[in-house]
Each structure stands twice: as structure tokens, then as C-alpha cells.
Protein chains: 2
Amino acid sequence: MKKLLTISTQDYLKHIYELTEHNAPASTNTLAARLKVRPASVTGMIQKLANEKPALVEYQKHQGVTLTKEGRRAALEVIRHHRLLETWLVQTLGYSWDEVHEEAERLEHVISEDFEQRVAEALGHPLRDPHGELIPTANLEMPLEDATPLSTLRKNQRGTIVSVRDADADLLRYLERLGLIPNTHIEAIDYSPFDHNLTIKVGEQTRVLGLSVTNKILIKED
Amino acid sequence: MKKLLTISTQDYLKHIYELTEHNAPASTNTLAARLKVRPASVTGMIQKLANEKPALVEYQKHQGVTLTKEGRRAALEVIRHHRLLETWLVQTLGYSWDEVHEEAERLEHVISEDFEQRVAEALGHPLRDPHGELIPTANLEMPLEDATPLSTLRKNQRGTIVSVRDADADLLRYLERLGLIPNTHIEAIDYSPFDHNLTIKVGEQTRVLGLSVTNKILIKED
DNA sequence: AACTTTATTTAGCCTTACCTAAATCAATTT
DNA sequence: AAATTGATTTAGGTAAGGCTAAATAAAGTT
Ligand SMILES: [Mn+2]
Ligand SMILES: [Mn+2]
Ligand SMILES: [Mn+2]
Ligand SMILES: [Mn+2]
């Protein structure tokens with residue numbers, strides 16, 4: 001029953017998941033950019049995934065792509081591997097949060113279910129990875145995220161950083177230097193509606209963050 | 001300067017190394033059997049490896065194959081990864097010695113040099129893996145093995161088990177059940193020159209081992 | 001409505017690493 | 001020396017997963 005998926009297939013499904021997480025199908029071009037592949041290659045792969053049985057994606061020409069139930073399970077499997085691996089690499093080998101992603105990106109495709117289980121066990125079944133992102137459960141369900149983007153915080157509101165999207169190592173190093181890591185308390189002290197710049201206080205420091213940054217940080221109001 | 005090798009290439013080189021370790025070139029058929037691939041495929045791959053520049057193998061039609069200096073380095077790189085990974089999986093995730101091999105077989109190809117170094121560090125730069133096999137050094141030299149096959153032990157000689165070839169999980173489970181693991185002291189109490197059976201004493205137990213087993217165990221006389 | 005631009009798909013190729021079947025080589029036997 | 005056998009190589013395919021260039025569709029403009 002279980003087909004074994006190639007590394008490429010797993011990467012396609014993972015990226016489709018991330019792009020369609022907040023509904024809205026993923027476009028060929030966006031996927032191509034994420035996967036660092038040409039749009040024509042994406043079309044080809046998507047067609048194949050749609051014709052698998054059971055189908056892994058739902059696809060209508062020119063309308064973008066979404067995951068089927070099977071596709072979503074496969075995507076969550078990879079994401080669970082990725083996030084458990086990141087957590088483990090940080091905890092046992094002293095990786096920093098800007099270094100783990102790349103390593104996990106390759107390991108996620110080759111570990112066994114046994115390995116996954118041993119790591120989960122060793123870590124005490126963590127809920128979030130080092131970037132604060134939720135780890136899918138062992139039965140492949142994604143827990144509900146109740147945090148909101150930092151970009152929604154307004155003057156005089158306070159919050160605690162929950163997570164940061166982990167794609168860009170440079171951004172992560174930058175944020176760490178500013179002290180903007182999970183569990184940090186912050187307070188909005190100004191917001192500029194024209195450029196969407198948000199001025200916040202972190203400890204004693206004051207920082208001004210643009211939308212491209214505030215969109216990538218999730219917080220919980222407190 | 002450094003070409004990146006595919007997983008297949010790495011596996012070919014690793015198996016060629018193991019087959020040529022005690023000089024004598026590796027034959028197409030033997031390699032095919034080890035790699036679980038058809039002889040024709042081996043010929044094809046070997047021809048490619050011989051035509052790389054720099055060449056990774058030395059090859060003359062119908063004469064078998066050996067590694068060049070570059071090929072040997074590449075092979076030792078993979079073997080170092082494999083053995084460090086085995087050691088680490090056993091120590092940090094509680095794998096047993098018959099389980100680690102398969103997992104390491106896949107991980108060995110995807111870890112970074114950074115990962116390798118962190119693991120080596122975390123383990124205190126171990127000299128041998130859980131099967132007692134020597135781990136190539138960080139600068140890719142294989143330490144000299146001064147242990148000898150158990151098959152050379154004769155009546156009334158005593159020795160300590162140094163290592164066991166790790167290929168076959170069933171054999172490993174069998175040996176563990178008999179208490180035949182690294183650092184165990186044994187004594188030869190009989191040898192039959194006709195069938196090469198060796199009778200040994202392990203603790204209080206007496207065991208009779210065939211040549212196919214005694215050849216896979218290395219000991220140091222004491 | 002016609003035109004232009006951008007997004008997407010199709011068509012045709014390439015590389016890697018496998019396979020099977022047929023051909024050839026090398027080592028034994030007779 | 002000839003014939004047989006086993007090992008190895010060659011020839012011709014296949015399946016993945018990329019690529020470029022050309023064709024088409026959709027969306028935005030005049
Ligand atoms: Mn990946
Ligand atoms: Mn899993
Ligand atoms: Mn391998
Ligand atoms: Mn290495």
C-alpha cells in the first residue's frame with residue numbers, strides 16, 4: 001500500500017504543503033522558485049504526482065496545485081522528520097539555529113521510521129523545533145498554531161516570540177543578534193502604517209523592523 | 001578540485017575498497033553481488049570511474065579493478081562516515097549492533113563534513129566502531145589493524161575479540177547470543193583441520209564455530 | 001475588441017544508473 | 001588444438017528528473 005517516494009517527490013510535496021498551508025493553491029512559478037527548478041520541470045512533476053494512484057496532488061491546468069489527503073500525509077511525514085532532526089541536532093551536537101536547516105534538509109529523506117521514533121523518544125516528544133515551529137504528531141497531524149504574525153502587533157501591545165520561519169540563515173543570524181528568538185518578550189512602541197515598519201522594545205533595546213521581517217515572526221500576545 | 005560523488009559512486013568505491021583491502025583486484029562479478037546489481041552495470045560504472053579525471057579506479061578489461069589514490073580517499077571518507085555514525089547511533093539512540101548498519105548505510109552519504117566533525121568530537125574521536133572495526137582518521141588514513149582472524153587460533157591459545165564484520169545482522173544477533181562480542185576473552189580448546197571447526201571456551205560455555213564464522217571475527221592473542 | 005505581457009504547458013533532449021540479451025574473452029577440459 | 005564453460009563486456013533499452021525553446025493560455029491595457 002505504501003509507495004516509497006523519491007527525494008525529489010518528498011521535496012515537492014513538502015513545498016506544496018508550505019505554500020498551500022493557508023489554503024490557496026500553489027502556482028507553478030512559485031513552486032519552481034522554492035525548489036530551485038524551472039517552471040517546466042514543475043509542470044512535469046505535478047502532472048506525474050496527480051496521476052499517481054492514489055493521487056498525491058489535485059491539479060487543474062493553469063489553476064495551481066493542492067495536496068490530496070495522501071499527499072498531505074507524505075508532506076507531514078517529511079516535515080516531522082525535518083523538525084525532529086533540527087531539534088536533535090541542536091540539542092545533541094550543538095548546532096545553532098541558523099546551521100541546522102541545511103543539514104536536516106538532506107537527512108529528512110533518509111532516516112527510518114525507527115530512527116524517527118528513537119529521536120522523538122530521546123527528546124521527550126517535543127512540540128516545537130528550534131525555530132519554534134510546530135512538529136507534526138507521530139500520526140501525522142499538524143497541531144493548531146494559535147500564534148499570530150508579529151506584523152499584526154500594534155503600539156503598546158506586548159507579546160512573546162513563538163517562532164521564526166527558518167528558511168534564511170542570514171535572517172536567523174540577524175535576529176539572534178537582535179535577541180529576537182523564541183520565548184523573548186517584546187513590546188510594540190510604534191507602528192508606521194505607510195511602510196509597515198514596527199518599532200519594538202526588546203529588553204532595553206529599541207528596534208525597527210520591516211514587514212518582510214515582522215511577517216516571518218509569530219508571537220503570542222500576553 | 002573536489003568533485004561531488006553520487007550515492008551510487010560512493011557505494012561502488014566503498015565496496016571496491018573492502019574487496020581490495022588485502023590487495024588483489026576486485027572482480028566484476030563479486031562487486032555485482034555485493035552491490036546487488038548486474039555485472040553489466042558494474043562494468044559500465046567501472047569504466048566511468050576509470051575515465052574520470054582524476055581517475056577513481058584503475059581498470060584493465062577482464063583484469064578486475066583497484067582504487068587510485070583519489071578513489072581510496074573517497075572510499076575512506078564514506079567508511080569514516082559510516083563507522084562514526086554507527087558508533088553515535090549506538091551511544092546516543094540505543095541502537096543495537098545488529099541494527100545500526102542499515103541506518104548508517106543511508107546516512108553515510110548525506111552528512112556534511114561539519115556533521116562528521118561534530119560527531120567525532122562528541123564521541124571523543126573513537127578509534128573503533130561498535131563492531132570493533134577501525135575508523136579512518138580525519139585526514140583519511142586507515143590505521144593499521146594488528147588483530148588476526150579467529151580462524152588462526154589453535155588449541156590452548158587464548159585471545160580477546162577485537163572486531164566482527166558487520167554485514168550480516170543475523171550473524172551479529174547469533175554472536176551476541178553466544179557472548180562473542182568485542183573485548184570478550186576466549187580460549188581455543190580444539191581445532192579440526194578437516195572442516196576447520198574451532199572449539200572455543202567463552203566464559204563457562206563451550207562453542208564450536210565453523211570457518212565462515214571464525215573468518216569474520218578478529219582477535220588479539222593474549 | 002485587439003494587443004501586450006506574464007504564466008504555464010508542451011515538445012524534444014540530456015544525464016545517471018539501472019536492466020536484458022547477445023557477443024566476446026579467458027581459462028579449462030578433452 | 002579444439003571445444004566447452006564461466007566471466008566479462010557491448011549494445012540497446014528504460015525510468016527519473018532535470019533543461020531549453022516554442023507554443024499556448026490568462027490577465028492586464030489601451
Ligand atoms: Mn530536502
Ligand atoms: Mn516518519
Ligand atoms: Mn550506502
Ligand atoms: Mn567526511
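Keep in mind that what you see is a predicted model, and the values were worked out from it rather than measured. Each chain gets a letter, A, B and so on, in the order its sequence line appears, and its residues count up from 1.
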Discussion item. Please confirm whether the ring centroid of B:H101 lies under 6.0 Å from the ring centroid of B:H82.
Written reply: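 For B:H101 and B:H82, the ring centres are under 6.0 Å apart.
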Requested in this report: Taking the six-membered ring for Trp and the single ring otherwise, decide whether the centroids of B:W88 and B:F115 are under 6.0 Å apart.
Outcome: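 Aromatic pair counts; centres sit under 6.0 Å.
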Donor-acceptor pair between B:N215 and B:H196 side chains, under 3.5 angstrom: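 No.
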Margin query: Between A:E103 and B:S112, do the side chains contain a donor N or O and an acceptor N or O under 3.5 Å apart?
Written below: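 Yes, side-chain donor-acceptor contact under 3.5 Å.
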Side-chain N or O of [X] closer than 4.0 Å to phosphate OP1/OP2 of [N]:
X: B:Y12; N: C:dC18; value: yes
X: B:N29; N: D:dG6; value: no
X: B:T28; N: D:dA7; value: no
X: A:Y59; N: C:dT9; value: yes
X: B:R38; N: C:dT20; value: yes

A:S8 vs A:Q63, nearer the 5' end of DNA chain D by closest nucleotide: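 Final value for this comparison: A:S8.
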(Q) How many whole angstroms separate atom CG of A:L31 from atom C1' of C:dT8? (A)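 Those two atoms, CG and C1', are 13 Å apart.
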How close or far is atom P of D:dA15 from atom CD of A:E52, stated in whole angstroms?
->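 Result: 14 Å.
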Margin query: Applying a 4.0 Å non-hydrogen cut-off, can you work out what B:T43 is touching in the nucleic acid: base, sugar-phosphate, or nothing?
Written below: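 Answer is base: heavy atoms of B:T43 come under 4.0 Å of a base.
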| Base, sugar-phosphate, or nothing for B:V42, non-hydrogen atoms under 4.0 angstrom? |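 If one applies the 4.0 Å heavy-atom cut-off, B:V42 turns out to touch nothing in the nucleic acid.
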Measure from the side chain of A:A40, starting at C-beta and using heavy atoms only, and say which of C:dT10, C:dC18, C:dT8 lies closest.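 Nearest to the side chain of A:A40 among the choices is C:dT10.
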